[in-house]
Amino acid sequence: MINGKTVALVMPCRNESGHLAQFISDIPDFFDEIICVSNKSTDDTVAIGQQLATQHPRLKFMEDNRVANGIGYGYAHMTGMKAASSDYIVCADSDGTYPVEDTPSLLQTMNQRHLRFVSCSRYPDKQIPIKLQLGVKILNLEIAVLYGFIIHDSLSGMWIFEREIIPQLRLTEGDWNLSPQIKLNARRALKSQFAELKIVQKIRQGETKQNYFDTGFRHLCWIAKNRFVQRRGVQSPD
């Protein structure tokens with residue numbers, strides 16, 4: 001609990017068996033719920049997660065093995081959000097990349113600025129691989145041109161928001177495209193109550209699950225298609 005508000009940590013999880021136990025034990029006490037959702041794990045992640053749930057009362061370990069384009073990142077997030085009951089939800093990856101321990105200061109800034117959704121921006125950060133920086137810059141530019149919306153980190157995987165706004169987010173994308181979708185939809189629905197706040201990314205535990213070129217191209221196409229649907233006046237999936 002932070003300042004009288006309950007907080008849930010929601011994390012997609014795939015093949016994280018090597019470090020999951022240590023990662024869960026290191027999660028700060030101010031999180032009232034830890035919801036970890038495995039998607040198509042092929043190692044011992046599920047067995048380890050289920051065992052950890054018997055040891056940690058805050059932990060709810062779930063499975064959602066649906067996929068879209070071979071990926072279930074978005075489905076895992078949506079399942080975790082639905083299971084949460086706290087006032088605030090923090091979404092982050094289960095590889096230790098995002099500084100979830102910074103949540104109290106980020107929530108304080110949210111309250112001071114009357115924000116309801118924050119996307120945590122990793123940029124600028126010279127430690128991030130050049131090809132990833134370049135890809136994100138291209139997607140940021142595409143969003144600026146098509147949506148008139150300046151964003152610094154269109155692919156950040158750490159978000160903090162009020163649980164009650166979930167229906168306004170209108171999430172549908174089961175794959176990696178949930179990442180740009182949640183930001184675009186939050187910005188569209190909440191306007192000035194949406195913002196980016198700067199964080200510093202940490203060293204990844206385990207291997208990345210992404211092919212940067214393939215994922216980036218899919219994002220590029222989805223962002224354009226999503227905007228085209230909006231401009232045609234058709235009911236958009238976002």
Side-chain angles (χ1 to χ4, degrees), residues 1-13 16 19-20 22-37 56-60 73 76-77 80-81 83-128 132-133 136 140 149-166 168-169 171 178-180 182-187 189-206:
M1 185 172 287
I2 301 174
N3 296 328
K5 298 292 186 179
T6 52
V7 186
L9 177 61
V10 171
M11 302 178 294
C13 181
E16 307 287 4
H19 61 269
L20 187 61
Q22 185 62 52
F23 178 65
I24 294 297
S25 67
D26 289 343
I27 292 175
D29 292 340
F30 54 72
F31 285 107
D32 300 273
E33 301 175 272
I34 303 169
I35 302 173
C36 193
V37 185
H56 299 272
R58 296 182 297 164
L59 176 62
K60 179 182 292 185
Y73 173 84
H77 266 303
M81 292 176 197
S85 60
S86 295
D87 299 311
Y88 284 93
I89 294 177
V90 178
C91 290
D93 295 344
S94 54
D95 58 12
T97 304
Y98 291 100
V100 297
E101 64 274 11
D102 292 348
T103 298
S105 61
L106 293 166
L107 275 176
Q108 181 179 16
T109 301
M110 287 180 68
N111 290 329
Q112 291 171 345
R113 294 174 56 182
H114 305 291
L115 303 173
R116 304 186 72 189
F117 187 109
V118 157
S119 181
C120 299
S121 173
R122 301 163 292 177
Y123 297 96
D125 188 338
K126 295 181 180 179
Q127 301 303 313
I128 297 175
L132 182 55
Q133 293 190 50
V136 169
N140 293 347
F149 165 33
I150 303 300
I151 190 168
H152 298 92
D153 189 355
S154 51
L155 298 186
S156 169
M158 183 174 174
W159 325 305
I160 305 176
F161 53 92
E162 297 176 6
R163 181 173 61 88
E164 65 181 27
I165 71 166
I166 289 177
Q168 298 179 60
L169 299 178
L171 302 176
L178 183 92
S179 184
I182 196 170
K183 300 173 185 70
L184 290 171
N185 289 6
R187 173 65 164 70
L190 302 174
K191 299 179 174 59
S192 62
Q193 292 179 312
F194 168 96
E196 287 184 288
L197 295 180
K198 181 71 173 69
I199 59 168
V200 177
Q201 181 171 287
K202 300 187 296 183
I203 297 174
R204 178 188 303 277
Q205 299 183 45

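Residue numbers count from 1 along this sequence.
- Here the shortest heavy-atom pairing between Pro99 and Met158 reads O-CE, 3.7 Å.
- Screening Val100, Ile199, Thr103 against Cys120 for a side-chain contact (heavy atoms from CB on, under 4.5 Å) leaves a single residue, Ile199.
- Scanning all heavy atoms of the two residues, the minimum distance from Leu115 to Ser192 falls at CD2-O, 3.5 Å.
- Using a distance-only test at 3.5 Å, with no hydrogens or angles considered, a donor-acceptor pair links the side chain of Ser121 to the main chain of Tyr123.
- No side-chain heavy atom of Ser119 sits under 4.5 Å from any side-chain heavy atom of Arg187.
- How far CD1 of Ile24 is from NE2 of His19: 9.0 Å, rounded to the nearest 0.5 Å.
- Sorted by first then second residue, the salt bridge (charged side-chain N to carboxylate O under 4.0 Å, His left out) pairs that include residues 96-113, not counting sequence neighbours, are Glu101-Lys202.
- Considering only heavy atoms from C-beta on, Lys5 stays 4.5 Å or farther from Asn111 through its side chain.
- The heavy-atom pair separating Ile35 from Gly80 by the smallest distance is CD1-O, 3.7 Å.
- Of all heavy-atom pairs spanning Val118 and Met110, the tightest one is CG2-CG, 3.3 Å.
- Looking at residues two or more places apart in sequence or on another chain, you find no side chain to side chain donor-acceptor pair (under 3.5 Å) involving His56.
- Atom CG of residue Leu107 and atom CZ of residue Phe30 lie 8.5 Å apart, to the nearest 0.5 angstrom.
- Within the structure, every pair that satisfies the salt bridge (charged side-chain N to carboxylate O under 4.0 Å, His left out) test and touches residues 149-165, not counting sequence neighbours, is listed here: Arg116-Glu162, Arg116-Glu164, Arg122-Asp153.
- Between Ile34 and Met11 the shortest side-chain heavy-atom distance falls below 4.5 Å.
- Scored by the side chain to side chain donor-acceptor pair (under 3.5 Å) test, Asp32 finds no partners at all (sequence neighbours excluded).
- Other residues, nucleotides and ligands place more than 12 heavy atoms under 6.0 Å from the CG atom of Asp26.
- Between Phe31 and Leu59, the closest side-chain pair of non-hydrogen atoms is not below 4.5 Å.
- The salt bridge (charged side-chain N to carboxylate O under 4.0 Å, His left out) analysis of residues 192-201, with sequence neighbours excluded, yields no pairs.
- Taking all atoms of both residues into account, the shortest heavy-atom contact from Pro12 to Ala76 is CB-CB, 3.8 Å.
- With sequence neighbours left out, the side chain to side chain donor-acceptor pair (under 3.5 Å) criterion links Thr6 to Asp87.
- Glu33 places a side-chain N or O within 3.5 Å of a backbone atom of Ser85 that can act as its donor or acceptor partner.
- Closest approach of Ser179 to Ser156, counting heavy atoms only: OG-O, 3.3 Å.
- Pairs passing the ring pair (Phe, Tyr, Trp, His ring centres under 6.0 Å) check and including a residue from residues 98-122, sequence neighbours excluded, read Phe117-Phe161, Phe117-Phe194.
- Residues Ile165 and Leu190 have side chains in contact (heavy-atom distance under 4.5 Å, counting atoms from C-beta outward).
- For the side chain to side chain donor-acceptor pair (under 3.5 Å) test, no residue two or more places apart in sequence or in another chain qualifies with Thr109.
- The distance from the CG atom of Asp29 to the CZ atom of Arg58 is 5.5 Å, given to the nearest 0.5 Å.
- Here the side chains of Val37 and His77 are not in contact, with every heavy-atom distance at 4.5 Å or above.
- Interatomic distance, Leu106 CG to Leu197 CG, rounded to the nearest 0.5 Å: 6.0 Å.
- Side-chain contact between Ile166 and Ile89 is present, with at least one heavy-atom pair separated by less than 4.5 Å.
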Check against side-chain contact (heavy atoms from CB on, under 4.5 Å), Tyr73 and Asp93: CA-CA 10 Å; Tyr73 173 84; Asp93 295 344; 3.7 Å; yes
